[in-house]
A.B. asks: 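My questions all concern the structure below.
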Amino acid sequence: MSGDHGHGDFQVNSGSKGSDSHKHKDKHKDKEHRHKDHKRDKEREKLKHGNSEHKDHSEKKHKEKEKLKHSNGSSDKHREKHKEKDKDKEKRREEKIKSSHVDKPKKEKENGYVRDTSPAAIKSEPEEDNGSYPSPQHNKTSKREHDDEEFEYKPKKVKTEHDKKAKKRKHEYEEEEEEEDIKPKKKTKDKKVTEGKKAKKEEEEKWKWWEEERSTDGSKWRFLEHKGPVFAAPYEPMPDKVKFYYDGKPMKLNAPAEEVATFFAKMLDHEYTTKDIFRKNFLKDWRKEMTSEEKSKITDLNKCKFSEMSEFFKAQSEARKQMSKQEKLKIKEENERLLQEYGFCIMDNHKEKIGNFRIEPPGLFRGRGDHPKMGRLKLRIRPQDIIINCSKDSKHPKPPPGTKWKEVRHDNKVTWLASWTENIQGSIKYIMLNPSSRIKGEKDWQKYETARRLKKCVGRLRTQYRDDWKSKEMRIRQRSVALYFIDKLALRAGNEKEEGETADTVGCCSLRVEHIKLYPKMDDQEYVVEFDFLGKDSIRYYNKMPVEKRVFKNLQLFLENKQPEDDLFDRLNTSILNKHLQELMDGLTAKVFRTYNASITLQQQLKELACPDDSLPAKVLSYNRANRAVAILCNHQRAPPKTFEKSMQNLQTKIDEKQNQLSAVRKHLKAAKSDHKASHDDKSKKILEMKRKAVERIEEQLMKLQVQATDREENKQISLGTSKLNYLDPRISVAWCKKWDIPIEKIYNKTQREKFAWALDMAEKDYEF
DNA sequence: GTAAAGACTTAGCAAACTCTGT
DNA sequence: ACAGAGTTTGCTAAGTCTTTAC
């Protein structure tokens with residue numbers, strides 16, 4: 001533990017949800033929002049002005065400090081510039097959003113990425129590797145050669161063609177899978193003969209992309225074909241009997257306004273429809289959808305009554321639950337059909353699952369935490385908003401009848417199949433592949449490899465940043481202290497965010513003075529830093545950590561002459577930090593530390609908690625505990641399930657019952673024993689054995705329940721899923737399962753097994769992260 | 001060099017589904 | 001068959017980091 005920090009000593013922080021209780025610059029922000037709500041479109045200026053007043057104050061301080069500490073400071077200037085630019089930025093964004101929703105004559109669009117060498121060229125010489133892919137310098141494995149020889153782009157052929165080579169490759173795979181070797185060929189043949197297509201399909205499912213070479217030229221695919229996205233169902237007007245009331249009087253709304261009204265009605269039960277910002281944003285955007293007549297009438301949201309609509313939807317969903325089996329089945333089948341048609345694409349030679357093939361339906365935006373844009377209308381996305389990405393030589397997806405895509409491009413430097421610009425933040429949304437796909441899996445694998453490389457040099461880096469705490473230069477001290485936090489506490493990098501555009505959350509580099517408190521002495525510890533801030537998704541991070549004296553002194557220095565709302569690390573941002581990291585190790589960025597520390601913690605914890613004699617449930621509990629240690633490190637929280645208390649009680653009742661049962665059975669056992677002693681006959685012996693077994697069985701059941709209770713209690717506010725899915729090298733878990741003979745299903749469910757197929761296949765029991 | 005845009009990963013919540021005990 | 005609990009999946013917001021534009 002001491003000075004050097006092996007990560008057995010990660011800091012447990014007892015954070016809690018903070019969105020509402022955590023008042024965070026509330027006054028300041030509230031004012032801002034109200035201000036803005038009045039005049040979003042035109043009057044950004046004023047808002048910005050308001051901000052700059054507030055900033056000026058702190059900027060003066062910055063300058064003072066700058067004089068104090070040596071510096072080359074340009075950061076203040078940046079801020080000024082930043083502010084200026086904000087206005088333009090706003091305007092541009094709005095223009096962009098608008099334009100993306102207006103049918104405008106298509107720009108001649110030639111994106112520079114599309115290279116002639118791409119699919120088309122390859123297509124013309126499918127037998128040969130023509131140099132553009134895979135890149136010439138890499139050696140091919142024999143497997144890859146097969147692949148290339150049977151190069152085939154058209155999906156139909158992929159499916160129907162049964163050439164020799166395909167068979168041959170299949171055999172190879174089978175042989176690898178089954179070591180005993182004699183059978184496979186026959187088995188495969190049989191399968192093929194009897195099941196034809198199915199066997200082919202299975203092969204597809206089992207495709208081991210991780211045994212193939214990876215592209216090195218930056219292209220993400222050679223061939224891509226898909227059917228385009230599925231659009232949200234069109235709006236169905238309310239039946240006439242369902243009325244909307246304004247000011248007590250029924251009022252028939254035109255479809256566009258009515259639709260938006262239903263969005264609000266559907267949310268009526270949510271607390272946030274009572275929030276000021278939400279209501280203001282909503283009304284404003286709603287009015288945009290109204291006819292001028294409606295607009296002149298409806299001016300006050302408080303006079304609107306949506307309750308009939310709301311009831312209607314409740315009844316509707318109730319009715320859906322009550323549907324007959326058949327009806328439900330029909331819906332299920334329809335969904336399945338849609339999935340089959342639109343849920344897959346062909347990428348290179350393989351059919352791959354798409355992650356999100358449905359376009360997000362229109363509705364009201366609800367950001368997380370205290371979001372300034374909550375309640376705004378998320379517009380319906382139409383075909384003319386969509387950019388399609390696919391191979392030139394693929395069958396292009398057809399837009400719905402009577403519509404056009406915004407653009408069809410052929411960019412194999414990116415992985416997405418379709419994209420559109422969303423109207424709330426003006427950001428781009430994508431349709432991409434499922435985590436089980438090659439393209440995602442490769443990246444994931446690579447991520448863990450980078451983290452493993454960090455493992456090899458983390459000692460060196462730690463020595464260096466500790467050294468840097470003593471630097472003469474402020475920027476270096478800040479950088480090194482920030483890095484220490486990132487490493488030790490697994491904080492996120494903390495990019496700058498535009499004020500007023502999103503909830504006020506921070507990460508390491510964007511921490512402000514108000515987010516930490518220094519305690520030279522606290523209880524029996526020295527140099528304690530208390531962190532209290534809202535991180536990603538407005539999840540509160542609360543933690544107290546004793547730090548080394550040098551870090552403490554540095555923090556004191558950083559805090560000098562600053563206001564609460566000033567940046568703690570005023571000489572640092574993520575780009576500076578990452579540039580530095582990049583120099584220390586190829587591919588190193590701030591988030592690699594999170595991956596590394598999460599994975600290494602799991603591995604260590606698993607070792608530590610290992611107890612060979614434990615039963616299976618006890619082992620699984622140990623795993624969950626190790627997983628939990630990571631979740632706590634990464635601050636992955638969840639709202640305690642609504643039914644938590646009750647379900648805990650139920651479990652306790654079960655345990656009590658089981659305990660009673662146990663003592664009863666024990667009594668029986670005792671009786672059986674004395675019976676047997678007395679009579680010594682076969683019958684009593686049999687009974688004795690039976691009772692003995694019963695006791696054992698019930699003991700085991702009890703133990704299981706107790707373990708379950710412990711596990712659940714400890715998990716109340718912790719969410720294990722996020723770390724399991726994103727931070728823990730799956731090979732660690734797979735290896736652990738193999739080592740202790742735990743069925744992998746105890747650790748990973750089906751989806752997770754699909755995502756981690758590569759790890760399942762390649763990790764042996766001795767795998768070391 | 002810097003800001004903005006773009007691409008992609010990470011995140012928690014809630015609806016949908018499944019399982020279990022009655 | 002059913003309710004209720006538990007688990008999985010879908011959804012999409014919110015981050016990080018890279019690339020592009022100026």
Side-chain angles (χ1 to χ4, degrees), chain A residues 17 19 74 77-78 81-82 84-86 88-89 92-93 96 111-113 218 220 270 317 320-321 325 328 331-332 335 355-361 363 365-369 371 373-374 378 387 389 411 413-416 419 421-422 424-430 432-435 439-440 443-444 447 492-498 501-503 505-510 535-539 573-575 577-579 581-582 587-592 594-595 598 634-639 641-644 646-648 650-651 654 708 712 719 721-723 725-727 748-752:
Chain A
K17 298 251 148 176
S19 10
S74 52
K77 271 182 222 154
H78 294 162
K81 234 199 279 177
H82 195 69
E84 290 297 312
K85 291 210 169 157
D86 268 4
D88 301 342
K89 206 158 55 181
R92 243 170 294 147
R93 194 211 328 277
K96 189 177 87 184
N111 80 58
Y113 317 139
K220 307 289 171 68
H270 277 284
S317 80
R320 224 179 347 239
K321 270 186 227 155
K325 269 241 172 84
K328 279 184 184 165
I331 293 175
K332 212 173 163 184
N335 277 335
N356 55 326
F357 60 92
R358 287 168 200 276
I359 299 280
E360 297 173 17
F365 176 83
R366 175 43 166 120
R368 318 250 166 98
H371 202 294
K373 297 190 173 178
M374 65 170 82
K378 223 172 88 162
I387 300 172
N389 192 32
D411 181 358
K413 295 283 184 287
V414 297
T415 67
W416 51 269
S419 74
T421 302
E422 153 268 352
I424 304 291
Q425 313 282 355
S427 63
I428 308 171
K429 300 245 180 169
Y430 302 93
M432 290 184 186
L433 296 193
N434 186 276
I439 214 157
K440 294 286 185 190
K443 203 77 187 299
D444 207 36
K447 172 181 79 187
R492 296 188 183 82
N495 286 313
E496 296 107 290
K497 307 169 68 181
E498 282 174 61
E501 294 292 313
T502 63
T505 64
V506 297
C508 186
C509 293
S510 50
K536 182 176 180 178
D537 292 321
S538 293
I539 297 291
N573 61 36
T574 53
S575 132
L577 179 65
N578 279 335
K579 227 167 253 164
L581 292 175
Q582 186 59 237
L588 186 61
T589 61
K591 90 186 181 85
V592 179
R594 250 167 104 80
T595 312
C634 294
N635 200 37
H636 291 142
Q637 300 189 34
R638 62 167 185 176
K642 276 173 238 120
T643 57
F644 185 83
K646 204 164 89 194
S647 91
M648 223 43 210
N650 288 155
L651 198 53
K654 269 195 202 165
Q708 212 185 349
R712 195 179 300 174
S719 125
T722 304
S723 49
L725 232 50
N726 300 299
Y727 288 102
Y748 290 136
N749 68 30
K750 184 162 152 280
T751 320
Q752 297 169 153

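Convention: sequence-line order gives letters A, B, ...; per-chain numbering from 1.
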A.B. asks: Heavy atoms only, 4.0 Å cut-off, all strands: where does A:Lys447 land among base, sugar-phosphate and nothing?
C.D. replies: sugar-phosphate
A.B. asks: Is the phosphate of B:dG6 approached by A:Ser427 (side-chain N or O, under 4.0 Å from OP1 or OP2)?
C.D. replies: no
A.B. asks: Taking everything shown except A:Lys579 itself, do over 12 heavy atoms lie less than 6.0 Å from its NZ?
C.D. replies: no
A.B. asks: Base, sugar-phosphate, or nothing for A:Arg594, non-hydrogen atoms under 4.0 angstrom?
C.D. replies: sugar-phosphate
A.B. asks: Does a side-chain N or O of A:Lys440 approach OP1 or OP2 of B:dT9 to a distance below 4.0 Å, or not?
C.D. replies: yes
A.B. asks: With sequence neighbours left out, what residues match A:Ser647 under side-chain hydrogen bond (donor to acceptor under 3.5 Å, both in side chains)?
C.D. replies: A:Arg712
A.B. asks: Using atom names, set out every protein N or O paired with an N or O of nucleotides 17-22 of chain B below 3.5 Å, distance rounded to 0.1 Å.
C.D. replies:
none

A.B. asks: Apply side-chain hydrogen bond (donor to acceptor under 3.5 Å, both in side chains) to A:Asn573 and list each qualifying residue two or more places apart in sequence or on a separate chain.
C.D. replies: none
A.B. asks: Please check the phosphate of B:dC8 (OP1 and OP2 only) for any side-chain N or O of A:Lys220 closer than 4.0 Å.
C.D. replies: yes
A.B. asks: Closest-nucleotide mapping onto DNA chain B: is A:Ile439 or A:Lys579 further toward the 5' terminus? I mean the 5' end.
C.D. replies: A:Lys579
A.B. asks: Ignoring backbone atoms, establish whether A:Thr722 has a side-chain N or O less than 4.0 Å from OP1 or OP2 of B:dG12.
C.D. replies: yes
A.B. asks: Sequence neighbours excluded, which residues qualify as side-chain hydrogen bond (donor to acceptor under 3.5 Å, both in side chains) partners of A:Thr505?
C.D. replies: A:Lys497
A.B. asks: Do the side-chain N or O atoms of A:Ser647 get closer than 4.0 angstrom to the phosphate oxygens (OP1, OP2) of C:dG6?
C.D. replies: yes
A.B. asks: Would you please confirm or rule out a distance under 4.0 Å between OP1 or OP2 of C:dT8 and any side-chain N or O of A:Asn749?
C.D. replies: yes
A.B. asks: Where do N or O atoms of nucleotides 10-15 of chain C meet protein N or O atoms at under 3.5 Å, pair by pair?
C.D. replies:
residue : atom : partner  : partner atom : Å
C:dA13  : OP1  : A:Lys378 : NZ           : 3.1
C:dA13  : OP2  : A:Lys429 : NZ           : 2.3
C:dA13  : O4'  : A:Arg368 : NH2          : 3.4
C:dA14  : OP1  : A:Arg368 : N            : 2.6
C:dA14  : OP2  : A:His371 : NE2          : 3.4
C:dA14  : O4'  : A:Asp537 : OD1          : 3.4
C:dG15  : OP1  : A:Thr505 : OG1          : 2.8
C:dG15  : OP1  : A:Asp537 : N            : 3.2
C:dG15  : OP2  : A:Lys497 : NZ           : 2.8

A.B. asks: Look at A:Lys591 and B:dT10 and indicate whether a side-chain polar atom (N or O) is within less than 4.0 Å of OP1 or OP2.
C.D. replies: yes
A.B. asks: Is there a side-chain contact (heavy atoms from CB on, under 4.5 Å) between A:Lys447 and A:Lys591? Walk through the geometry before answering.
C.D. replies: CA-CA 10 Å; A:Lys447 172 181 79 187; A:Lys591 90 186 181 85; 4.3 Å; yes
A.B. asks: Considering heavy-atom distances to DNA chain C, does A:Gln752 or A:Gly507 have its closest nucleotide positioned more toward the 5' end?
C.D. replies: A:Gln752
A.B. asks: Taking the nucleotide of DNA chain B with the nearest heavy atom to each, does A:Tyr727 or A:Trp416 sit closer to the 5' end?
C.D. replies: A:Trp416
A.B. asks: What's A:Asp444 touching, base or sugar-phosphate or nothing? Going by heavy atoms closer than 4.0 Å.
C.D. replies: nothing
A.B. asks: Sequence neighbours excluded, which residues qualify as side-chain contact (heavy atoms from CB on, under 4.5 Å) partners of A:Ala493?
C.D. replies: A:Thr574, A:Ala590
A.B. asks: Here's a test of your reading of the structure: between A:Glu496 and A:Arg712, which maps to the more 5' nucleotide of DNA chain C?
C.D. replies: A:Arg712
A.B. asks: Hey, are A:Lys378 and A:Glu360 close enough for a salt bridge, meaning a charged N less than 4.0 Å from a carboxylate O?
C.D. replies: yes
A.B. asks: Report which part of the nucleic acid A:Thr643 touches: base, sugar-phosphate, or nothing (heavy-atom distance under 4.0 Å, all strands).
C.D. replies: nothing
A.B. asks: So A:Ser419, base contact, sugar-phosphate only, or nothing? Heavy-atom distance under 4.0 Å.
C.D. replies: nothing
A.B. asks: Considering only side-chain heavy atoms of A:Ser719, which listed nucleotide, B:dA11, C:dA5, B:dG12, is closest?
C.D. replies: B:dG12
